[in-house]
There are 2 protein chains.
Amino acid sequence: MQIGTAAEASGVSAKMIRHYEAIGLVTSGARRTNNYRDYDCRDVHELQFIRRARDLGFSLQEIKNLLDLWRDDTRQSTSVRELAARHLSDIERRMEDLRAIAGTLSRLVDSCEGDTRPDCPILDHLGRRAGKARRPIDVE
Amino acid sequence: MQIGTAAEASGVSAKMIRHYEAIGLVTSGARRTNNYRDYDCRDVHELQFIRRARDLGFSLQEIKNLLDLWRDDTRQSTSVRELAARHLSDIERRMEDLRAIAGTLSRLVDSCEGDTRPDCPILDHLGRRAGKARRPIDVE
DNA sequence: GTGCACCTTCCCATAATTGGAAGGTCAAGC
DNA sequence: GCTTGACCTTCCAATTATGGGAAGGTGCAC
């Protein structure tokens with residue numbers, strides 16, 4: 001099948017398939033006489049694997065490692081588990097960062113009247129002079 | 001003061017200050033006779049504003065808008081509030097995405113033995129054939 | 001006057017994806 | 001046979017925010 005069909009079947013855009021080939025994530029497969037790339041169902045399967053790993057937020061480098069493990073019948077599941085666990089804790093760290101930001105933002109938004117007047121605790125917070133002397137937010 | 005001092009005082013690297021100038025986020029200020037950029041405390045204050053907005057995850061475009069509002073004495077606080085609220089809901093959406101990913105990953109990691117054998121529900125999940133016939137995860 | 005720390009501009013790299021240009025290929029319909 | 005449109009090809013560039021580094025100028029201290 002052509003790249004467009006493989007893209008459709010795998011959920012990976014043709015553009016991305018070519019890119020993954022260029023960076024060596026997937027192997028450069030067969031070409032037809034017209035120089036068109038040719039894919040079979042195993043290629044599509046591999047692209048689906050990539051797609052799902054992307055959906056779980058794995059980086060392309062991590063996916064490369066996952067693919068290597070997937071292809072290796074003698075792999076040890078602990079390798080996969082460690083990779084996934086590292087990724088999970090990375091995600092959890094990012095969630096924690098976002099949680100902190102969301103908390104601050106939420107308090108700021110709540111403390112702002114949001115009317116036609118210029119006074120705004122949000123800008124006060126961003127523009128406060130160094131040193132925590134003033135406390136622009138005090139909504140509890 | 002020189003750019004290095006302003007960087008130190010504001011928490012924005014000299015590299016980034018030049019970049020922010022290049023993209024018009026901060027105005028191209030005065031230069032000394034030796035062509036060195038010259039900053040005063042108001043410039044540093046503005047950089048601190050940017051720094052704090054960055055810490056809250058605002059994009060440079062959003063910061064540009066925030067700066068414009070900050071400088072405008074006739075602003076309406078509702079404009080700031082709306083901008084911040086939009087950003088907040090964006091953050092919350094990203095958190096939700098991460099939460100979903102973390103949930104799946106967590107179940108997968110838990111379901112994997114993580115030993116020397118090759119069997120791995122994580123790889124099974126990523127490489128499963130389309131259609132939800134098989135259910136590689138069943139840890140409840 | 002030599003060295004070191006600072007400054008300048010310019011180019012490049014990252015990560016993942018997309019957009020687009022310029023051109024080749026193929027099948028359908030007239 | 002020729003056109004049209006939908007494919008495909010490669011290559012270049014933009015995105016976002018930040019950093020690295022080269023090549024060269026400046027200033028101060030010893």
Side-chain angles (χ1 to χ4, degrees), chain A residues 1-26 28-40 43-44 47 49-67 86-87 90-91 93-94 97-98 101, chain B residues 1-26 28-40 43-44 47 49-67 86-87 90-91 93-94 97-98 101:
Chain A
M1 71 187 82
Q2 297 193 154
I3 197 171
T5 315
E8 180 98 10
S10 65
V12 178
S13 75
K15 212 94 175 158
M16 280 300 96
I17 296 177
R18 293 195 196 95
H19 179 60
Y20 292 160
E21 181 187 317
I23 65 173
L25 189 60
V26 298
S28 307
R31 296 286 185 123
R32 304 216 158 164
T33 52
N34 60 9
N35 199 32
Y36 286 12
R37 288 170 181 82
D38 197 11
Y39 298 91
D40 62 20
D43 299 321
V44 169
L47 289 169
F49 181 100
I50 293 173
R51 173 70 208 279
R52 293 214 185 85
R54 286 294 304 137
D55 287 348
L56 287 179
F58 285 102
S59 71
L60 294 189
Q61 182 54 58
E62 287 169 326
I63 294 176
K64 210 178 183 93
N65 298 337
L66 284 170
L67 275 171
R86 255 195 307 277
H87 180 52
D90 184 55
I91 300 261
R93 194 182 41 67
R94 280 154 58 192
D97 291 347
L98 289 182
I101 289 176
Chain B
M1 72 186 80
Q2 297 193 155
I3 198 171
T5 315
E8 178 97 12
S10 65
V12 179
S13 74
K15 211 91 175 162
M16 280 299 98
I17 296 177
R18 293 194 197 95
H19 179 63
Y20 292 161
E21 182 187 314
I23 64 174
L25 189 61
V26 298
S28 306
R31 295 288 184 123
R32 303 216 160 166
T33 51
N34 58 11
N35 199 32
Y36 286 12
R37 288 172 182 80
D38 195 12
Y39 298 91
D40 62 21
D43 299 321
V44 170
L47 289 168
F49 181 101
I50 293 172
R51 174 70 209 279
R52 293 212 185 86
R54 285 295 304 135
D55 287 347
L56 287 179
F58 286 101
S59 71
L60 294 190
Q61 182 55 57
E62 288 169 325
I63 295 177
K64 209 178 185 91
N65 298 336
L66 284 171
L67 276 171
R86 254 194 308 277
H87 179 53
D90 184 56
I91 300 262
R93 193 182 42 68
R94 279 154 58 192
D97 291 347
L98 290 182
I101 289 175

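To find a chain, count down the sequence lines: A is the first, B the second, and so on, and within it residues start at 1.
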Chemist: Within this structure, what is the CG-to-P distance between B:Leu60 and D:dA14, rounded to whole angstrom?
Modeler: 18 Å

Chemist: For the side chain of B:Asp38 and the backbone of B:Met1, is there at least one donor-acceptor N/O pair under 3.5 Å apart?
Modeler: yes

Chemist: Hey, does the side chain of A:Ser13 come within less than 4.0 Å of C:dT18's phosphate (OP1/OP2), counting only N and O?
Modeler: yes

Chemist: Between A:Ala14 and B:Ser59, which has a closest nucleotide on DNA chain D that is more 5'?
Modeler: A:Ala14

Chemist: Write down the distance between CG (B:Asn35) and P (D:dA23), rounded to a whole number of angstrom.
Modeler: 21 Å

Chemist: What is the separation between atom NZ on B:Lys15 and atom P on C:dC6, rounded to the nearest whole Å?
Modeler: 15 Å

Chemist: Are the side chain of B:Ser10 and the backbone of B:Ala6 linked by a donor-acceptor contact shorter than 3.5 Å?
Modeler: yes

Chemist: If you compare every side-chain N and O of B:Arg31 against the phosphate oxygens of C:dT9 (OP1, OP2), does one of them come in below 4.0 Å?
Modeler: yes

Chemist: When the nearest nucleotide of DNA chain C is assigned to A:Arg54 and to A:Tyr36 on a heavy-atom basis, which residue is associated with the more 5' position?
Modeler: A:Arg54

Chemist: Rounded to whole Å, how long is the line connecting atom CD1 of B:Ile17 with atom P of C:dC6?
Modeler: 14 Å

Chemist: Can you tell me if A:Arg37 touches the phosphate of D:dT10, counting only side-chain N or O atoms and a distance under 4.0 Å to OP1 or OP2?
Modeler: yes

Chemist: Are the side chains of B:Asp97 and B:Arg93 in contact, using a 4.5 Å heavy-atom criterion?
Modeler: yes

Chemist: Whether A:Arg18 contacts C:dA16 is assessed here as follows: a side-chain N or O lying under 4.0 Å from the phosphate OP1 or OP2. Is that the case?
Modeler: no

Chemist: What heavy-atom pair brings A:Ala7 and A:Ala14 nearest, and what distance separates the two atoms?
Modeler: CB-N, 3.6 Å

Chemist: Return the 5'-most residue of the pair A:Gln61, A:Asn34 with respect to DNA chain C, ranking by each residue's nearest nucleotide.
Modeler: A:Gln61

Chemist: Atom NZ of A:Lys64 to atom P of C:dA16: distance rounded to whole Å?
Modeler: 11 Å

Chemist: Rounding to a whole Å, what distance do you find between A:Met16:CE and D:dT10:C1'?
Modeler: 15 Å

Chemist: Would you say B:Gln2 reaches C:dC7's phosphate, i.e. side-chain N/O to OP1/OP2 under 4.0 Å?
Modeler: yes

Chemist: Quick check: do B:Arg54 and B:Leu60 have side-chain heavy atoms less than 4.5 Å from each other?
Modeler: yes

Chemist: D:dC7 P sits how many Å from A:Met1 CE, rounded?
Modeler: 16 Å

Chemist: Just compare C:dT17, D:dT9, C:dT18 and give me whichever is closest to any side-chain atom of A:His19.
Modeler: C:dT17

Chemist: Between B:Tyr20 and D:dT18, does any side-chain N or O lie under 4.0 Å from OP1 or OP2?
Modeler: yes

Chemist: Whole angstroms only, please: what is the CD1-P distance between B:Ile3 and D:dT26?
Modeler: 17 Å

